[in-house]
*Asks:* 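Next up is a structure, given as C-alpha cells.
Quick caveat: nothing in here was measured; it's all calculated off a predicted structure. Lettering of chains follows the sequences in order, A, B, ..., and the numbering in each one begins at 1.
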Amino acid sequence: MAQGTSIQYEPVAEIGGGAYGTVYKARDMESGQFVALKSVRVQTDQEGLPISTVREVALLKRLEQFDHPNVVKLMDVCATQRTDQETKVTLVFEHVDQDLKTYLERVPAPGLSPDRIKDLMRQLLCGLAFLHSNRVMHRDLKPENILVTSQGQVKLADFGLARIYSCHMALTPVVVTLWYRPPEVLLQSTYATPVDIWSTGCIFAEMFRRKPLFCGESEVDQLGKIFEVIGLPAEEEWPTDVTLSRKNFPPLFPRPITDFVPEINEQGAQLLLEMLTFDPLRRISALNALDHPYFQDEEKSQCNS
Amino acid sequence: MARTGLCDSKPLLDLHKKEKAEERRAPLRTWANAAGPKDRWQPPEGDEPKMAPAKMEPECRWDRRLLVSTSDDIIMGFHEDSRTHTAGTMLHITDGCPEEPLLLYPQGFPGLHSLQALVPGLLRHEVEIAMEKLGLIWDRSYAWDIFLDMMKNQFRSSFPNADLPRPFTDATRAVLVDWLVQVHELLHFQDETLYLAIHLLNRSLRQIKVSTVNLQLLGVVCLFLAGKKEECLLPEVSGLCFLMDNSYSRHQLLRMERKVLCGLKFDLSYCPPLHFLLLSASIARCSAKMVWMARYLLELALLEGQCVVFLPVQLAGAALCLARRVLQEPPTPEGEAAWCLASSIHVGSETALLKIMHILAGAAAKAHSRETCATFIKFSSPETMHVSSHPGLRNAPGLLGVPPLHT
C-alpha cells in the first residue's frame, strides 16, 4: 500500500547510491526478511503516471510470475505522490548481501576455479536468456548488479529499470561506468539485447582476471581500449548512423584474447570472442551461448566424474 | 493484437451512443451519491416468462441435469463427427497428420480426457495457424509456447468466488460495467482494453477499499489504466472527468490511479477471453455471423458478476457453443470436424461450459429489456450483423433447458 511503505519496510542501511537514486536495505516488518528498496521519482504531468512506467513495471510484475531462479525477486511495488509534478515509485526486491564485485574481491589468491566460473556464467546466461525472451534488456549489466547468494546462486538485479529511470536520468548528473558498454552504445548507434551480451563478455573476462577488461575514461578512450583487443573493425562494419568516424582510431589488428585472459581454455576463448563481436547482429545470443561447446564440455566431465 | 472488428462500426454506433451515454451518465452518478443501490436496481419484470424456471432452479438441479445435457450436447458433437469421419469425408482437413486415424472412433471416445493427448499434432498445427492469422504472434515458431502460456496464465484471471465486498452487489457492478462499455466505445478503444478494464475492476473491487461514492471513479481509472497498457492514443484526464460530469477532480482521478496501481501491485497482465474465442472460432472455421454472435454473448458475460469464477477459455468456449446452438447453421462435414477439433480445447470443462451457457442464455434472452443494454445496442448494428436482435436468443434458455434430441 502506498502509505504503508514506510511502515511496512524499516530502513536498516543505505546500500549504494547507484546511478538512479539511493538504494536502501530495509526490513520487512511483516515477514522479518531483508529487502532492497529502490525508489525512482517519475515526472507526473497532468495525465498521471507515464505510460512507459506503467508498462515497464507491469512487465516486471509479469516476469515475477515465472519465478526464474537467476532473476532477483520483485516482492512489492508502490507509488506515492511527492509533489504535484512528481511521484515516487518504490520497487521492493529481495535482498542479497553480496554482488559479483565483492564476490570477486573476496576470492583468495589463485582466483576462481574454471568450473566455478563456468557455473557462474551458465547461471548468468540463463537469467539473461529468460529476460531477453521476454523482451526485457538489462542495458546496464555490470558486476555490481549481478548478485551472488551465499549458496553461489547468481541473480540478475536492476534489469528493465533503465527505461523506467531514463526520464529521471536526464536530471541527475551521474557518472555511469563505461567499462561494460558495447561499441554501439558508445557510438550512440541503435542497440538492442546484444548490449547485454557484450557486458557479459566483459564480465566473463573479469572473472578470470579479477580486474575489468576495458577501463576507459571517456567514450572515445573506451572504444580505443576495446579496439586494442578486438582490432579496428572493417569499414563496412562501422555503423552508418553515427557521428564518430572510424578514421579517429588508429588501424589496429586483433590480438589473441589469451594475451588478456591467459587462464581461459580454448572453448572459453572462442565463446568470449563471440560475445565481444563488434557487430551486434553477429554477436552470439544468450540462448546460443548456452549451447556453446564451452558449456557442453562440463556436462560431459560431470557425467564422467 | 487481434484488431478485428468494431472499428468500422464506430461512427454509426457513436451517433446514438453519445446520446445514450449522456442520459446514462447522470443516473449512475446520482445513484452513486445515493445510499441504497439496491433500491434503485429494478430487475426487468414480466419479460420472458420462459426464463423464470431456468433461473429459479435450485443449484442442485444443475448437477442432475448436467450429466444428461453434457453427454447430449458436447460429447454428442463428437459422436456425430466420428460417424462423419468413418464415412471418410474429412481426410482433406487432416491430410498429412499422422494422428488423424485416432479421431475415427466410431462409438465416440473411450475417454474424452485423452483427446488432447491423442491429437496434439493436429491441434497444435491449427492453433499455430490461427494465432498467426489473428496477429497474436509475429513468429509461428513461438505460437504453441505462447498458447500454452495463455492456457497456464489464465488461472490467475479467475476468482475463487463471485462475492463482492459489502456495499456492492452484482446489480451495482452491472450498472457500472454497462456505463464503461459505453465509455469504452466512445473512446474508440480496442476490445481487449474493455476486457482488461473490467478485469482490473473486478480485482480492484476485491482488493481496494472504495466507497460507493467513488465507484464510478474507480471504473474510469480501471479503463484509463487498461488504456495505458493497451492503447496508443489516450484520452486526457480532464476529458475523463468531463465524462463523469466533472463530479470528480483531476486530482481525485490521479489519486485513484495510484491507489489502484498500488492495490494491484502494478500487475496488469491478463489473458482476455476474446483471444480464446477468436482462436477457437478460427480453428472451428466459424462463419462471420457465428463469431459476432459469440462475441456478443462473451461481452454479455462482463455484466454477469457470477461469471468471474470461470476461466477465460471456458467463457469463450461457452459463448461459442451457445452461438452455435442459437444460429443452428446447417452442418457440413468439414465444419463438424473442425468444430470437434476446436472443442478439444475444452475437454474436461463441460460442466463449467454448460453452467456458463445457461447464464449467458438467460442474459441474452433479457438483454433487450434490461436497463444495462449498452452491449445489446452495440451488437444490434448492421456492422455486427444484428446478432443481438436475433430471434433465436429470446428462446436461448429453452435451447438448453430441454435435453436436445439430435437425430
*Asks:* Enter the distance from Thr172(B):OG1 to Leu205(B):CG here, rounded to the nearest 0.5 Å.
*Replies:*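 Rounded to the nearest 0.5 Å, the OG1-CG separation comes to 8.0 Å.
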
*Asks:* Going by heavy atoms in the side chains, are Tyr9(A) and Glu30(A) under 4.5 Å from each other?
*Replies:*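 No, side chains not in contact.
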
*Asks:* Given a strict heavy-atom distance threshold of 4.5 Å, which part of Leu234(B) is in contact with chain A: side chain, backbone, both, or neither?
*Replies:*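 Contact with chain A is through the side chain of Leu234(B) alone.
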
*Asks:* Answer with yes or no after comparing the ring centroid distance for Phe66(A) and Phe130(A) against a 6.0 Å cut-off, counting only values under it.
*Replies:*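 Phe66(A) vs Phe130(A): aromatic centres under 6.0 Å.
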
*Asks:* With a 4.5 angstrom heavy-atom cut-off, could you sort out which part of Glu236(B) is near chain A: side chain, backbone, both or neither?
*Replies:*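 Both backbone and side chain.
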
*Asks:* Check Arg62(A) with Asp149(B), please: is the shortest side-chain N to carboxylate O separation under 4.0 Å?
*Replies:*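 A salt bridge links Asp149(B) with Arg62(A).
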
*Asks:* What part of Ser133(A) is in contact with chain B, defined as an atom under 4.5 angstrom from a non-hydrogen atom: side chain, backbone, both or neither?
*Replies:*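 For Ser133(A), neither part sits under 4.5 Å from chain B.
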
*Asks:* So which part of Arg156(B) gets closer than 4.5 Å to some heavy atom of chain A, the side chain, the backbone, both or neither?
*Replies:*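 For Arg156(B), the side chain is the part near chain A, not the backbone.
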
